[in-house]
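Whatever order the structure lists them in is the order used to number ligands and atoms, beginning at 1. In this chain, numbering begins with 1 at the start of the sequence shown. Reckoned from all heavy atoms, side chains included, excluding hydrogens, waters and symmetry mates.
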Amino acid sequence: MTGKQTFTMIKPDAMANGDMGNIIQAITDAGFKCKALKLTQLQLNQAEAFYEIHNERPFYNDLCDFMSSGPIIAAILEKDNAVEDFRKLIGATDPLKADENTIRNRWGTSLSYNAVHGSDSDENAIRESNFFFSEIERLQ
Ligand code: ATP
Ligand code: MG
């Protein structure tokens with residue numbers, strides 16, 4: 001059975017571009033409900049821990065520098081088939097290859113600056129949600 005929750009971040013590029021409100025609107029218009037939400041900024045070591053899964057990749061250091069470079073919004077989202085449906089809503093990793101009307105196509109500008117994160121599995125959605133949110137910070 002597929003899970004009902006996924007985890008997202010609005011990344012520093014989209015926050016700096018003033019796209020936070022439009023992106024949250026697009027997410028809620030697509031039927032996702034926020035179960036937890038916060039504005040924060042990652043320390044470099046926190047970004048490194050969050051993206052540990054990518055630590056062998058050539059873009060890891062740049063990714064962690066970028067993700068700790070400014071404020072982000074982190075959220076837990078709920079909807080049937082949440083992980084898969086949210087990946088469809090955000091589109092391909094590279095905004096130039098993402099379908100029209102996807103969040104990355106509309107508000108991302110490059111492979112590195114692609115506006116949003118979306119969990120890629122139910123297991124990672126749980127891990128990533130737990131990374132940011134305690135129990136008292138979530139709606140039941
Ligand atoms: P995310 O995890 O942010 O939702 P994703 O699952 O589509 O994105 P991943 O393969 O998990 O893509 O890569 C994590 C992030 O690292 C991407 O969102 C992107 O910003 C960056 N990234 C991925 N591949 C590259 C690359 N070849 N060069 C530079 N940055 C990259
Ligand atoms: Mg990913």
Asker: If we set the cut-off at 4.0 Å for heavy atoms, which region of Met9 has an atom near ligand 1: side chain, backbone, both, or neither?
Answerer: neither
Asker: Examine distances only and state if a side-chain atom of Gln41 and a backbone atom of Ser68 form a donor-acceptor pair shorter than 3.5 Å.
Answerer: yes
Asker: Specify side chain, backbone, both or neither for Asn114, according to which of its non-hydrogen atoms lie closer than 4.0 Å to ligand 1.
Answerer: side chain
Asker: Taking N or O atoms only and a 3.5 Å limit, does Phe59 qualify as a polar contact for ligand 1?
Answerer: no
Asker: What do you reckon, does Met67 put a non-hydrogen atom under 4.0 Å from ligand 1?
Answerer: no
Asker: Step through the shown structure and confirm whether more than 12 heavy atoms of other residues, nucleotides or ligands are within 6.0 Å of OH on Tyr51.
Answerer: yes
Asker: Where is the nearest protein heavy atom to atom 1 (P) of ligand 1: which residue, which atom, and how far?
Answerer: His117 ND1, 3.2 Å
Asker: So do the side chains of Ile90 and Thr102 get within less than 4.5 Å of each other, counting heavy atoms only?
Answerer: no
Asker: Look at atom 3 (O) of ligand 1 and find which of Glu128, Arg57, Lys11 reaches it with the closest heavy atom.
Answerer: Lys11
Asker: Hey, is ligand 1 close enough to Tyr113 that some N/O pair sits below 3.5 Å?
Answerer: no
Asker: Checking a contact table here: which protein heavy atom is nearest atom 8 (O) of ligand 1, and how many Å away?
Answerer: Arg104 NH2, 3.1 Å
Asker: Can you name the nearest heavy-atom pair linking Arg104 to His117, along with the distance?
Answerer: NH2-CA, 4.2 Å
Asker: Would you kindly check if the NZ (Lys) or CZ (Arg) of Lys38 is within the cone defined by 45 degrees around the ring axis of Phe133 and under 6.0 Å from the six-membered ring centre?
Answerer: yes
Asker: Can you pull out the closest protein heavy atom to atom 9 (P) of ligand 1? Residue, atom name and distance to 0.1 Å, please.
Answerer: His54 NE2, 3.7 Å
Asker: May I ask you to decide if the ring planes of Phe50 and Phe131 are parallel, tilted or perpendicular, using 30° and 60° as cut-offs?
Answerer: perpendicular
Asker: Could you measure the distance from the CE atom of Met20 to the CE atom of Met15? Nearest 0.5 Å is fine.
Answerer: 5.0 Å
Asker: Which residue owns the protein heavy atom closest to atom 7 (O) of ligand 1, what's the atom, and how far is it?
Answerer: Thr93 OG1, 2.5 Å
Asker: Number the atoms of ligand 1 from 1 as they appear, then name those within less than 4.0 Å of a heavy atom of Ser112, with their elements.
Answerer: 20 (O), 29 (C), 30 (N)
Asker: What residue and atom, counting heavy atoms only, is the protein's closest point to atom 19 (C) of ligand 1, and at what distance?
Answerer: Leu111 O, 3.2 Å
Asker: With a heavy-atom distance limit of 4.0 Å, tell me whether Arg87 approaches ligand 1 through its side chain, its backbone, both, or neither.
Answerer: side chain
Asker: Salt-bridge test for Lys88 and Glu84: reply yes if a basic N is under 4.0 Å from a carboxylate O, no otherwise.
Answerer: yes
Asker: With a cutoff of 4.0 Å, is Leu63 in contact with ligand 1, counting heavy atoms of the residue only?
Answerer: yes
Asker: So, taking the atom named CG in Leu77 and the one named NZ in Lys35, what distance separates them when rounded to the nearest 0.5 Å?
Answerer: 11.0 Å
